[in-house]
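Read through the structure below, which is laid out as structure tokens, and then see the notes.
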Number of protein chains: 2
Amino acid sequence: MHIKRPEKTRPECIQNLLALRDSLELLGGKWKLLIVLHISCRPKELLHFKKLEKEITGISAKMLSKELKILEENKIVTRTVQNTRPVTVTYTLTTYGQTLIPIADALQQWGLHHRKIIKGK
Amino acid sequence: MHIKRPEKTRPECIQNLLALRDSLELLGGKWKLLIVLHISCRPKELLHFKKLEKEITGISAKMLSKELKILEENKIVTRTVQNTRPVTVTYTLTTYGQTLIPIADALQQWGLHHRKIIKGK
DNA sequence: GTAACCACTTACCTGGAAGTAACTATGCAT
DNA sequence: ATGCATAGTTACTTCCAGGTAAGTGGTTAC
């Protein structure tokens, strides 16, 4: 008699869809992962507020400020005031925030591939 | 003499931020990754439109229909009309769509962890 | 013939995401 | 005292993702 293979239903993954909702709620917007990836990619000299604003094409000071505040509240970035003149503020990823890098990278790679599939077609 | 270590700036990743924007534009909404994960987790019998609508808590027929259409246009899901009475329509992930599963899983895991860090605190 | 089921679609509406522009506060330079 | 730089904030506005509710078209069951 033929033993039925279990359907590959991955039941474990369904239980915690709330977790995916949480992630999407926090990170699903237009800017947050972009900011995280930017910070992860840049040398220290480019992590000032003004530099980020210039380098992240299209973002406004208002959005950058707002998003950074949320990221800070969620322990993803650290805000550090430097005693330069005029004062500058640098933003860096926390160790915890660095756990987002593989995810952002993966999404980026996927997007790169997707371009070829969809737009290159 | 001490040899200076290169800053870990990962310059390669900055070039293609457009790709991340693309991914976020397509997948950054409230429902798409949730739908993908749902389809990936469910046995065939639960992949009908009506079943999906019931199982994905909070989604409306309108949103489900709209999102599935976009996913189909992007070659992520396949729409199959079954000749049952009344006709049912099943949605499955394409091979290409399956490349999103690791990403959705990773985001889900991250969200699970994040709950503990932020809300459990 | 009417009621029920499936798979949507259409019309209408609203809250919040996001944009623009101007403004604040602080300190330095000339 | 005027101008410039950093790091934001505030006020005003627009737009659209997403919600609600009702309707459509096809088929079967009674």
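Remember, it's a predicted structure, so these values are computed and weren't measured experimentally. The sequence lines fix the lettering, A, B, ..., with proteins before strands; numbering per chain opens at 1.
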Distance check needed: [N] [atom2] versus [X] [atom1], whole Å only.
| X | N | atom1 | atom2 | result |
| --- | --- | --- | --- | --- |
| B:Lys66 | C:dA7 | NZ | C1' | 18 Å |
| A:Met63 | C:dT20 | CE | P | 11 Å |
| B:Leu52 | C:dC8 | CG | P | 10 Å |
| A:Ile56 | C:dA18 | CD1 | C1' | 15 Å |
| A:Glu53 | C:dT20 | CD | P | 12 Å |
| B:Glu25 | C:dA18 | CD | C1' | 14 Å |

- Item | Joint hydrophobic cluster, A:Ile103 plus A:Leu112, side-chain heavy atoms closer than 4.5 Å |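 Result: no, two separate clusters.
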- Message: With a 4.5 Å cut-off on side-chain heavy-atom distances among I, L, V, M, F, W and Y, is there a chain of contacts connecting A:Leu46 to B:Leu17?
- Response: no
How about [X] and [Y]: do any of their side-chain heavy atoms sit closer than 4.5 Å?
| X | Y | answer |
| --- | --- | --- |
| A:Leu26 | A:Ile70 | yes |
| B:Tyr91 | B:Leu71 | no |
| A:Arg79 | A:Leu68 | no |

- Message: Is it the case that over 12 heavy atoms from other parts of the model lie below 6.0 angstrom from the CD atom of B:Glu25?
- Response: no
- Message: For chain A and DNA chain D, what are the first and last nucleotides along the strand, 5' to 3', with at least one atom under 4.0 angstrom from a heavy atom of the protein chain?
- Response: D:dT6 to D:dA11
- Task: For salt bridge (Lys or Arg N to Asp or Glu O under 4.0 Å), just list the numbers for B:Glu53 and B:Lys50, CA-CA rounded to whole Å, side-chain angles, deciding distance to a tenth of an Å, and then say yes or no.
- Result: CA-CA 5 Å; B:Glu53 189 188 345; B:Lys50 215 63 182 182; 3.8 Å; yes
Looking at residues at least two apart in the chain, or sitting in another chain, which of them share a side chain to side chain donor-acceptor pair (under 3.5 Å) with [X]?
| X | value |
| --- | --- |
| A:Gln82 | A:Thr90 |
| A:Thr94 | none |
| A:Thr84 | A:Thr88 |

- Item | Side-chain N or O of B:Ser65 closer than 4.0 Å to phosphate OP1/OP2 of C:dT9 | yes
- In residues 79-94 of chain B, what residues come within less than 4.0 Å of DNA chain D, judged by heavy atoms? B:Arg85
- Note on the structure: Residue pair A:Gly58/B:Lys69 against DNA chain C: nearer the 5' end by closest nucleotide is B:Lys69
- Query: Got a sec? Which of residues 26-36 of chain A come in under 4.0 Å of DNA chain C, heavy atoms?
  - Reply: A:Lys30, A:Trp31
- Shortest non-hydrogen contact from A:Glu45 toward A:Lys51: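 So the two residues come closest at O-CG, 3.9 Å.
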- Task: Identify whether any heavy atom of A:Lys51 sits under 4.0 Å from a base atom; if not, whether one sits that close to sugar-phosphate; answer base, sugar-phosphate or nothing.
- Result: nothing
